[in-house]
Amino acid sequence: QVQLVESGGGLAQAGGSLRLSCAASGSIFSIGDMAWYRQAPGKQRELVATITNTDNTNYADSVKGRFTISRDNAKNTVYLQMNGLKPEDTAVYYCNAHIRTLWNTNGYNGWGQGTQVTVSS
């Protein structure tokens with residue numbers, strides 16, 4: 001099974017920056033769209049940013065101009081550069097990827113385990 005592992009979360013001050021990474025490993029045939037989601041306690045999981053395998057990107061209005069999603073296809077990794085952090089960015093951040101394998105050539109959406117981001121005011 002393909003694993004998605006996030007890293008880079010932690011504590012930051014308001015106005016600070018963090019860079020999240022999510023690396024996929026396993027019997028990967030190809031990876032299509034990748035995305036970052038986040039979920040705060042008691043709230044719905046929300047889509048933060050998406051990126052296609054041709055580097056087309058989209059962002060939630062709440063993070064536009066502050067966050068940047070990117071990917072390194074050779075490393076099967078997606079990144080989220082977070083600048084100008086606000087306390088309301090505090091959440092568990094999850095990566096998502098559409099993964100194709102030899103056993104599932106149509107692909108499926110895989111999720112990482114999540115990484116905590118906490119922003120203090």
Chi angles and distances behind the ring pair (Phe, Tyr, Trp, His ring centres under 6.0 Å) call for Trp111, Tyr37: CA-CA 10 Å; Trp111 292 89; Tyr37 290 75; 4.8 Å; yes
Contact between [X] and [Y] at the side-chain level, heavy atoms closer than 4.5 Å - yes or no?
X      : Y     : value
Asp55  : Arg71 : yes
Asn109 : His98 : yes
Tyr93  : Gln39 : no
Leu85  : Leu18 : yes
Leu4   : Ile99 : yes
Asn83  : Phe67 : no
Trp36  : Ile69 : yes
Thr101 : Ile28 : no

Taking atom types as modelled and ignoring hydrogens, do the side chains of [X] and [Y] form a donor-acceptor contact shorter than 3.5 angstrom?
X     : Y      : result
Gln13 : Ser120 : yes
Glu6  : Gln113 : yes
Thr77 : Asp72  : no

What distance separates [X] [atom1] from [Y] [atom2], expressed to the nearest 0.5 Å?
X      : Y      : atom1 : atom2 : value
Ser21  : Leu80  : OG    : CG    : 9.5 Å
Ser70  : Gln81  : OG    : CD    : 8.0 Å
Arg100 : Tyr108 : CZ    : OH    : 12.0 Å

Derivation and outcome, side-chain contact (heavy atoms from CB on, under 4.5 Å), residues Thr115 and Val92: CA-CA 5 Å; Thr115 185; Val92 177; 6.0 Å; no
Cation-pi, Tyr79 ring and Arg19 (6.0 angstrom, 45 degrees):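 That pair qualifies as a cation-pi contact.
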Asp89/Lys86 ion pair, N-O < 4.0 Å: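 No salt bridge links Asp89 with Lys86.
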Joint cluster assignment, Tyr59 & Tyr94, ILVMFWY side-chain distance < 4.5 Å: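 They do not share one cluster, since no chain of ILVMFWY contacts under 4.5 Å joins Tyr59 to Tyr94.
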Verify same cluster id: Ile51, Leu47 (apolar side-chain graph, 4.5 Å):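 Cluster IDs for Ile51 and Leu47 differ.
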Enclosure of Phe29 CZ (heavy-atom neighbours >12, cutoff 6.0 Å):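 Atom CZ in Phe29 is not packed in, count stays at 12 or less.
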Closest contact, heavy atoms only, Pro87 versus Ser121: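 Minimum heavy-atom contact is CG-CB, 3.7 Å.
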Evaluation steps, side-chain hydrogen bond (donor to acceptor under 3.5 Å, both in side chains), between Thr52 and Asp33: CA-CA 4 Å; Thr52 70; Asp33 293 355; 4.9 Å; no
Test side-chain contact (heavy atoms from CB on, under 4.5 Å) applied to Arg38 and Leu20, Val48, Thr90, the passing residue: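 That would be Val48; it is the only one of Leu20, Val48, Thr90 passing the side-chain contact (heavy atoms from CB on, under 4.5 Å) with Arg38.
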Donor-acceptor contact present, side-chain Ser62 to main-chain Ala60, <3.5 Å: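 Not a single qualifying donor-acceptor pair exists.
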